[in-house]
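In what follows, a single structure is set out as structure tokens and then discussed.
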Amino acid sequence: MSDQTSEQPGNRPYDWAADPDSGLESEPEPDEITAETADDATETDVPHPVNWRALTAEDAEYEWLALNEWVDWLRHEFGLPASIIPPAWHRHPELVWELSALHLHWLGAYDPAQHASAPIGWLADFHAAQNRLREWVALSGTRLDRDRPTRQTIWPGEQVNPRRRRPGSSTAMRISSRS
């Protein structure tokens, strides 16, 4: 015997949106959506990829603050250890790019206009991302109590490019637990 019950015509919930006297407007069909609807959203309303290499100072400040706030929420919400998100994650481009992509994915998955199953897709991708983050953290050498620049392999014939290093990243840094 099946657990599913067949819907009888009398057992269906009433569709108020289809009732012309309800005062509710039904949602437009996809072919009824016009360019006017698309223009209603501003650029800031729509999640957008962040190209960290091409940001203006003003945009960089906004994006850094938004990412930092979200990463702080993420590590607390999911109880993530420093082996996945270390305190100095922002000093490692490989972690910044991964977390930025994960943030964008989260924004899209939890958008109110998104399909109800989108969050489970984000959670599956988050699970995979945790493994990548763990690998990035192990390769970078950053820890809960100390940080060092991510090692760069110099290829044969390649010159050391000092511009590739982040300012202040030439030596190891101790992370103090004191405020």
Inset, instruction - Could you check if a side-chain atom of N68 sits within less than 4.5 angstrom of a side-chain atom of W89, using non-hydrogen atoms only? - result: yes
Legend entry - Distance (rounded to the nearest 0.5 Å) between R151 CZ and L139 CG: 10.0 Å
Inset, instruction - Indicate yes or no: at least one non-hydrogen side-chain atom of Y62 is less than 4.5 angstrom from one of V50. - result: no
Legend entry - L104 side chain reached by P49 side chain, heavy atoms, under 4.5 Å: yes
Legend entry - Worked check of ring-ring contact (aromatic ring centres under 6.0 Å, His included) between W136 and W97: CA-CA 11 Å; W136 285 124; W97 288 101; over 10 Å; no
Inset, instruction - Kindly indicate whether the side chain of E61, heavy atoms from C-beta on, has any atom under 4.5 Å from the side chain of L55. - result: no
Inset, instruction - Please report the C-alpha distance between W64 and H90 in whole Å, then the side-chain angles of each, then the deciding distance to 0.1 Å, and finally whether the side-chain contact (heavy atoms from CB on, under 4.5 Å) criterion is met. - result: CA-CA 9 Å; W64 273 113; H90 59 279; 3.8 Å; yes
Legend entry - Euclidean distance, L99 CG relative to H92 NE2, rounded to 0.5 Å: 12.0 Å
Inset, instruction - Begin with the C-alpha distance, continue with both residues' side-chain angles, and end with the deciding distance and a verdict on side-chain contact (heavy atoms from CB on, under 4.5 Å) for V96 and R91. - result: CA-CA 8 Å; V96 171; R91 295 185 55 168; over 6 Å; no
Inset, instruction - Give, for atom CG of L95 and atom CZ of R132, the distance between the pair rounded to the nearest 0.5 Å. - result: 12.0 Å
Legend entry - Euclidean distance, D72 CG relative to E77 CD, rounded to 0.5 Å: 11.5 Å
Legend entry - I154 atom CD1, neighbour heavy-atom count above 12 within 6.0 Å: yes
Inset, instruction - Taking the side chain as every heavy atom from C-beta outward, state whether S140 and E94 have any pair of such atoms under 4.5 Å apart. - result: yes
Inset, instruction - Kindly check if the number of other-residue, nucleotide or ligand heavy atoms within 6.0 Å of CD (E69) is above 12? - result: no
Inset, instruction - Nearest 0.5 Å please: distance from the CD atom of E135 over to the CD atom of E98. - result: 9.5 Å
Legend entry - Evaluation steps, side-chain contact (heavy atoms from CB on, under 4.5 Å), between L67 and E63: CA-CA 6 Å; L67 183 60; E63 296 297 345; over 6 Å; no
Inset, instruction - Under the side chain to side chain contact (heavy atoms under 4.5 Å, CB included) rule, collect the residues that match up with P81, sequence neighbours excluded. - result: S83, I84
Inset, instruction - List the atom of H105, the atom of D125, and the distance in Å for their closest heavy-atom pair. - result: NE2-OD2, 2.6 Å
Inset, instruction - Could you tell me whether Q159 atom CD has more than 12 heavy atoms of other residues or ligands within 6.0 Å of it? - result: no
Inset, instruction - Evaluate the side-chain contact (heavy atoms from CB on, under 4.5 Å) criterion for residues R148 and T142: first the C-alpha distance (whole Å), next the side-chain angles of each, then the deciding distance (0.1 Å), finally the verdict. - result: CA-CA 6 Å; R148 67 168 172 76; T142 186; over 6 Å; no
Legend entry - Chi angles and distances behind the ring-ring contact (aromatic ring centres under 6.0 Å, His included) call for W106, W73: CA-CA 12 Å; W106 180 85; W73 168 82; 5.3 Å; yes
Inset, instruction - Identify the heavy atoms of W122 and L102 that sit nearest to each other, and give their distance. - result: NE1-O, 3.3 Å
Inset, instruction - Check P47 against L107 and note the closest heavy-atom contact, atom names and distance. - result: CG-CB, 3.9 Å
Inset, instruction - Find out whether W52 and P93 are in side-chain contact, i.e. whether some heavy atom of one side chain is under 4.5 Å from a heavy atom of the other. - result: no
Inset, instruction - Please examine the side chains of P87 and L144, heavy atoms only from C-beta on, and report whether any two atoms are closer than 4.5 Å. - result: yes
Inset, instruction - Supply the atom-to-atom distance F126 CZ to I120 CD1, rounded to the nearest 0.5 angstrom. - result: 12.5 Å
Legend entry - Short side-chain to backbone donor-acceptor contact, Q114 and A109, under 3.5 Å: no
